[in-house]
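One structure is given below, encoded as structure tokens.
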Amino acid sequence: MRQSFFDEEILDGQFCQLERLENRGNPNFVEEVLTIETDTIDLAKVDMMLHKLKGSSASIGANKVGNNITKTRQLLEEGNLEGAKLAFGELQMEHDNLRAKLEPYFQQQLRQVGPVETASRPKGSEHE
């Protein structure tokens, strides 16, 4: 299995160097390093997603969602993973709450407007 990682170019010589650093004092060294690395990549992905979401929520005026995004990102930057997980849960709840309140509002707005006819091209139009 190990060799297949090299054959498929999933791993390279740097991995072998990590293996050489592993010793009896810490037989899980490579696993710990890889776990830290993958956690770091995962955190970077989450932070990028939160950054995009913050811009989106700000552009539509979703204040509470934006505040929860800021809180979650701050906790991530501080390295407080447990706090960030809790804050992310609050963010999800606030997002769901926003959606649950806005959907009926927009439905009500549509009912007030009444039926809307869609535009159609006139017959004989050159774009038919």
Side-chain angles (χ1 to χ4, degrees):
M1 177 187 269
R2 180 183 178 279
Q3 185 58 45
S4 70
F5 293 144
F6 292 100
D7 294 343
E8 296 174 32
E9 297 181 1
I10 294 171
L11 297 175
D12 64 15
Q14 185 69 30
F15 183 79
C16 295
Q17 290 180 7
L18 279 175
E19 286 181 317
R20 280 185 233 131
L21 293 173
E22 193 168 70
N23 60 36
R24 292 178 193 252
N26 188 357
N28 300 322
F29 176 74
V30 174
E31 182 180 359
E32 290 173 6
V33 169
L34 291 176
T35 300
I36 290 169
E37 183 64 25
T38 55
D39 286 351
T40 302
I41 291 169
D42 289 343
L43 288 174
K45 287 179 187 176
V46 168
D47 189 52
M48 286 189 322
M49 184 229 16
L50 288 172
H51 180 72
K52 288 179 185 177
L53 189 58
K54 181 174 172 109
S56 298
S57 65
S59 68
I60 64 166
N63 186 50
K64 287 185 177 182
V65 171
N67 289 342
N68 279 327
I69 291 169
T70 300
K71 179 181 175 183
T72 304
R73 288 187 75 201
Q74 182 178 1
L75 290 166
L76 281 173
E77 288 171 8
E78 293 170 0
N80 183 347
L81 298 181
E82 289 305 311
K85 286 178 186 177
L86 290 172
F88 188 73
E90 292 171 12
L91 167 60
Q92 288 176 313
M93 286 178 17
E94 195 57 53
H95 179 265
D96 292 344
N97 187 35
L98 174 68
R99 184 175 213 132
K101 289 183 178 190
L102 285 179
E103 284 177 0
Y105 170 76
F106 288 127
Q107 289 173 359
Q108 178 186 10
Q109 295 298 308
L110 287 173
R111 281 193 300 275
Q112 288 177 359
V113 172
V116 177
E117 293 183 32
T118 58
S120 59
R121 295 187 189 274
K123 291 194 177 210
S125 172
E126 58 188 69
H127 296 294
E128 282 188 279

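All values below come from the heavy atoms of this structure, side chains included, with hydrogens, waters and symmetry mates left out.
- Here the closest heavy-atom approach between residue Arg2 and residue Cys16 is recorded as NH2-SG, 3.7 Å.
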Let me see the working for Leu86 and Leu75 under side chain to side chain contact (heavy atoms under 4.5 Å, CB included), right down to the final yes or no. CA-CA 10 Å; Leu86 290 172; Leu75 290 166; over 6 Å; no
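- The shortest non-hydrogen separation linking Thr72 to Ala84 is CG2-O, 3.8 Å.
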Would Gln3 and Phe6 count as a side chain to side chain contact (heavy atoms under 4.5 Å, CB included) if you check the C-alpha gap in whole Å, the side-chain angles of each, and the deciding distance to 0.1 Å? CA-CA 5 Å; Gln3 185 58 45; Phe6 292 100; 3.9 Å; yes
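- Among all heavy-atom pairs drawn from Glu22 and Phe29, the shortest one is OE2-N, 3.2 Å.
- Atoms CG and CD, on Asn67 and Glu90 in that order, are 11.5 Å from each other to the nearest 0.5 Å.
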Side chain to side chain contact (heavy atoms under 4.5 Å, CB included) assessment of Asn97 paired with Lys101: CA-CA 6 Å; Asn97 187 35; Lys101 289 183 178 190; 3.4 Å; yes
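- Connection of Leu91 to Met48 is not established within any shared hydrophobic cluster, with ILVMFWY side chains joined at heavy-atom distances below 4.5 Å, either directly or through further cluster members.
- Under the 4.5 Å side-chain heavy-atom criterion for Ile, Leu, Val, Met, Phe, Trp and Tyr, Met93 and Leu98 are members of distinct hydrophobic clusters.
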Under the side chain to side chain contact (heavy atoms under 4.5 Å, CB included) rule, what do Leu21 and Val33 come out as? Steps first, then yes or no, please. CA-CA 11 Å; Leu21 293 173; Val33 169; over 6 Å; no
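- Taken from CD in Gln92 to NE2 in His95, the straight-line distance is 9.5 Å, to the nearest 0.5 Å.
- Of the inter-residue distances, the one linking Asn26 atom CG with Glu31 atom CD reads 10.0 Å to the nearest 0.5 angstrom.
- Contact record, Leu81 with Leu76: CD2-CD2, 4.2 Å, taken as the closest heavy-atom pair.
- Ion pairing between Lys71 and Glu94 fails under the 4.0 Å rule for side-chain N and carboxylate O.
- Taking hydrophobic clusters as Ile, Leu, Val, Met, Phe, Trp and Tyr residues chained together by side-chain heavy-atom distances below 4.5 Å, Val30 shares a cluster with Ile10.
- Nearest heavy atom pair, residue Ser57 against residue Gly66, reads OG-CA, 3.6 Å.
- Atom CG in Asp47 sits 11.5 Å away from atom NZ in Lys52 (nearest 0.5 Å).
- Under a cut-off of 6.0 angstrom, the local environment of CD in Gln17 is crowded, with over 12 non-hydrogen atoms contributed by other residues, nucleotides or ligands.
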